[in-house]
Protein chains: 2
Amino acid sequence: MSKVSSAVVSDRAQQLLKLLVERYIREGQPIGSRTLARGQGLDLSPASIRNVMADLEDLGLVKAPHTSAGRIPTVQGYRLFVDSLLTVKPLGQHEVLALQDKFSQAADPQQVLVTASSLLSEISSMAGVIMVPRREQPTVRQVEFISLSGNRVLVVLVMNGNQVQNRMITTSRRYSPAELTQAANYLNHALAGKDFNKVRDALLVEMRETQESINQLMLAAIDMANRTFQGGEEGGDYVLAGQTNLMGYAEMADIDRLRQLFDAFNRKRDILHLLDQAAHAQGVQIFIGEESGYEVLDACSVVTSPYEVEGEVVGVLGVIGPTRMAYDRLIPLVDVTAKLLGAALNQNQ
Amino acid sequence: MSKVSSAVVSDRAQQLLKLLVERYIREGQPIGSRTLARGQGLDLSPASIRNVMADLEDLGLVKAPHTSAGRIPTVQGYRLFVDSLLTVKPLGQHEVLALQDKFSQAADPQQVLVTASSLLSEISSMAGVIMVPRREQPTVRQVEFISLSGNRVLVVLVMNGNQVQNRMITTSRRYSPAELTQAANYLNHALAGKDFNKVRDALLVEMRETQESINQLMLAAIDMANRTFQGGEEGGDYVLAGQTNLMGYAEMADIDRLRQLFDAFNRKRDILHLLDQAAHAQGVQIFIGEESGYEVLDACSVVTSPYEVEGEVVGVLGVIGPTRMAYDRLIPLVDVTAKLLGAALNQNQ
DNA sequence: TTTGGCACTCTTCCTATATGAGTGCCAACG
DNA sequence: CGTTGGCACTCATATAGGAAGAGTGCCAAA
């Protein structure tokens with residue numbers, strides 16, 4: 001993929017590329033040779049810079065929107081910039097403290113995620129996203145039946161990962177607590193063997209024989225579990241904040257593309273796939289423009305980082321914004337937030 | 001507010017207004033006198049129509065975007081149209097059946113709401129919204145404690161309205177099922193009296209004396225309940241679908257206004273207020289443009305209807321779209337969906 | 001009361017033209 | 001040989017001038 005070995009890019013060319021990208025990120029307009037010459041204390045004439053630019057353009061690192069405009073970085077240009085030219089601006093000490101403070105105010109885990117994605121979006125002025133990945137092979141840890149008023153029974157499923165599911169069932173007759181306990185015990189036992197469908201079939205057969213509707217209860221529990229498993233396969237979920245920030249950027253002004261992007265957010269699938277990739281990498285990862293592989297994100301870059309709980313990666317978070325984003329600020333932001341989020345979740349569970 | 005008594009609008013003027021609005025809704029462009037004359041089998045010359053139009057303009061029912069454009073309806077024009085001119089296009093029999101079918105596929109109540117709002121948005125090509133209003137004075141119906149592995153106990157709170165809440169608590173020692181049952185019984189009994197804080201204080205005192213951490217468990221349950229009550233005050237929530245549909249309309253092309261609208265969707269407050277108003281009216285209600293009272297909705301109309309479960313209004317649903325919307329189709333759509341939703345929730349709970 | 005006629009107003013679209021930013025290339029310079 | 005100034009050239013952008021077309025308002029006649 002990387003046709004461009006940075007070896008063939010002279011030191012000076014790299015320096016100029018760096019200046020160009022930085023400036024373009026700041027100002028958002030094509031940078032001309034004259035502008036670039038004036039900018040930093042370079043003692044180079046515009047003409048010389050033009051020569052270098054021509055080289056950079058040949059290498060596919062910059063391009064000119066049209067003949068008489070300056071140059072802007074290409075995706076490859078950004079890539080080289082991010083990989084080897086970038087000087088990161090670490091977060092200030094008290095910014096970190098401010099972040100930590102916000103995190104400490106969130107009570108339950110869900111709240112922590114919402115807080116984190118809001119923080120990401122607010123600080124970056126872009127969209128913040130946090131993925132809660134599929135939990136590894138869901139299992140039922142425990143089933144309980146709670147008798148309610150009337151003929152109603154509450155089925156409670158405790159999954160691994162301490163996730164809980166409820167469903168209310170109306171049965172054909174009232175069951176005593178003892179009966180319910182017995183049913184729960186039976187199921188808990190049976191499900192330890194783990195082959196759901198077998199248990200299910202057995203119940204079905206037995207039900208036909210005995211007409212006992214308590215089996216229906218157990219079936220309901222199994223079906224709930226099954227549904228969770230299927231749901232689990234589909235690959236997690238995410239919390240998104242600040243989508244509307246993206247509407248503020250000139251490079252996203254095309255309302256049709258924007259709509260497609262928002263549709264993708266709602267569909268979730270593509271974004272989840274992308275975040276999933278980032279889960280397997282370690283540390284901050286950056287997808288610039290088309291690199292993501294999703295057409296809707298062509299005009300966007302995504303900065304991600306996995307976050308860990310108890311030393312294990314449990315999810316990915318990131319920011320999504322226009323390709324022209326302040327990578328130098330965002331990378332540490334995403335990095336720190338990932339760590340703080342991990343820490344907060346650790347305390348909180 | 002209504003300066004315009006329809007009495008002063010001649011029959012013919014009303015007829016022409018009706019034609020104009022219908023046509024404008026269809027085509028989206030200012031309608032000229034010539035066009036209007038040709039349109040329906042009117043034997044009126046453009047000149048006569050111009051006279052009428054001048055009258056309608058004086059009454060504030062139509063306006064011309066500029067000198068040499070045709071006329072478009074004003075908010076007041078739409079209002080008169082909707083109130084007394086509109087001929088509703090009822091849904092076809094098998095459209096209703098198709099809707100019913102979709103509803104029947106949804107399993108749990110939450111699913112039903114999601115389905116309904118998706119349906120609204122898909123059929124209308126606009127945004128569909130369904131409000132779950134604040135439940136009236138939340139009450140705890142039942143508390144249960146489920147012993148999990150380790151020292152963990154799952155607190156299950158069954159509220160009225162069959163809503164269920166879970167929370168996992170780690171206790172200082174392991175409790176036998178019998179102990180847990182006893183605690184639950186005690187709490188269920190105590191809470192029947194309903195004065196939460198009293199129960200809470202009693203528990204606190206007793207806890208200090210006995211050092212019994214099972215009281216902690218009960219306290220946790222009470223706190224959960226309290227939190228739900230406070231949360232309930234904040235006024236319901238809603239399910240929104242198809243926001244992005246709104247990006248397709250020319251009259252919403254202004255990206256800044258669109259952003260404000262989307263921000264309002266996220267903020268939820270304003271939209272909830274509006275829907276809340278509609279809950280007290282009965283039947284379909286329509287807010288045209290500025291009538292809603294919210295600036296972000298100035299370019300929008302909202303068609304709402306409350307929906308009922310067991311004969312009681314429990315929520316409101318509606319569609320949100322540009323002022324130029326097909327009221328004749330949307331009104332029955334919203335109406336029927338509200339009824340089907342009520343029916344589905346009835347069955348489903 | 002209705003209608004045809006007519007002048008008038010605006011928007012929209014096209015064209016032409018000037019402006020200015022920035023480039024590429026070349027020849028000269030150190 | 002890298003660097004630089006000069007210069008012709010390109011192209012986006014802005015501005016102005018018309019021409020076309022749609023639609024109105026008003027008036028006088030039917």
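Keep in mind the model is a prediction, meaning the values are calculated, not measured. Convention: sequence-line order gives letters A, B, ...; per-chain numbering from 1.
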Counting only side-chain N and O atoms of [X], is one of them less than 4.0 Å from OP1 or OP2 of [N]?
{"X": "B/Arg12", "N": "C/dT1", "answer": "no"}
{"X": "B/Ser45", "N": "C/dT3", "answer": "yes"}
{"X": "A/Arg71", "N": "C/dT23", "answer": "yes"}

Would you kindly give the [atom1]-to-[atom2] distance between [X] and [N], to the nearest whole Å?
{"X": "B/Arg38", "N": "D/dG23", "atom1": "CZ", "atom2": "P", "answer": "8 Å"}
{"X": "A/Leu20", "N": "C/dG22", "atom1": "CG", "atom2": "P", "answer": "12 Å"}
{"X": "B/Gln29", "N": "C/dT12", "atom1": "CD", "atom2": "C1'", "answer": "13 Å"}
{"X": "A/Leu36", "N": "C/dT23", "atom1": "CG", "atom2": "C1'", "answer": "14 Å"}
{"X": "B/Asp55", "N": "D/dC26", "atom1": "CG", "atom2": "P", "answer": "12 Å"}
{"X": "B/Ile49", "N": "D/dG23", "atom1": "CD1", "atom2": "P", "answer": "12 Å"}
{"X": "B/Lys63", "N": "D/dG25", "atom1": "NZ", "atom2": "P", "answer": "16 Å"}
{"X": "B/Arg34", "N": "D/dT24", "atom1": "CZ", "atom2": "P", "answer": "10 Å"}

Query raised in the report: Using a cut-off of 4.0 Å on non-hydrogen atoms, how would the nucleic acid contact of B/Thr67 be classed: base, sugar-phosphate, or nothing?
Result: sugar-phosphate
How would you label the contact of A/Ala47 with the nucleic acid (heavy atoms, under 4.0 Å): base, sugar-phosphate, or nothing?
base
Check: C/dG24 base within 3.5 Å donor-acceptor of A/Arg50 side chain: yes
Between B/Asn51 and B/Ala69, the residue closer to the 5' end of DNA chain D by nearest nucleotide is B/Ala69
Comparing B/Asp43 with B/His66, nearest DNA chain C nucleotide closer to 5' gives the residue B/Asp43
Exercise. Evaluate the ring planes of B/Tyr327 and B/Tyr78, with Trp represented by its six-membered ring, and classify them as parallel (under 30°), tilted (30 to 60°) or perpendicular (over 60°).
Key: tilted
Quick note, A/Ser48 side chain, CB onward, closest among D/dT4, D/dT24, C/dG22 is D/dT4
With a cut-off of under 6.0 Å to the ring centre and 45° to the axis, is A/Lys18 in cation-pi contact with A/Phe81? no
Original post:
Sub-3.5 Å donor-acceptor pair from the side chain of B/Gln14 to the main-chain atoms of B/Asp11, do we have one?
Top reply: no
Pair A/Thr244-B/Asp263, side-chain donor/acceptor within less than 3.5 Å: yes
Do A/Arg257 and A/Val296 make a side-chain contact, defined as non-hydrogen atoms from C-beta onward lying under 4.5 Å apart? no
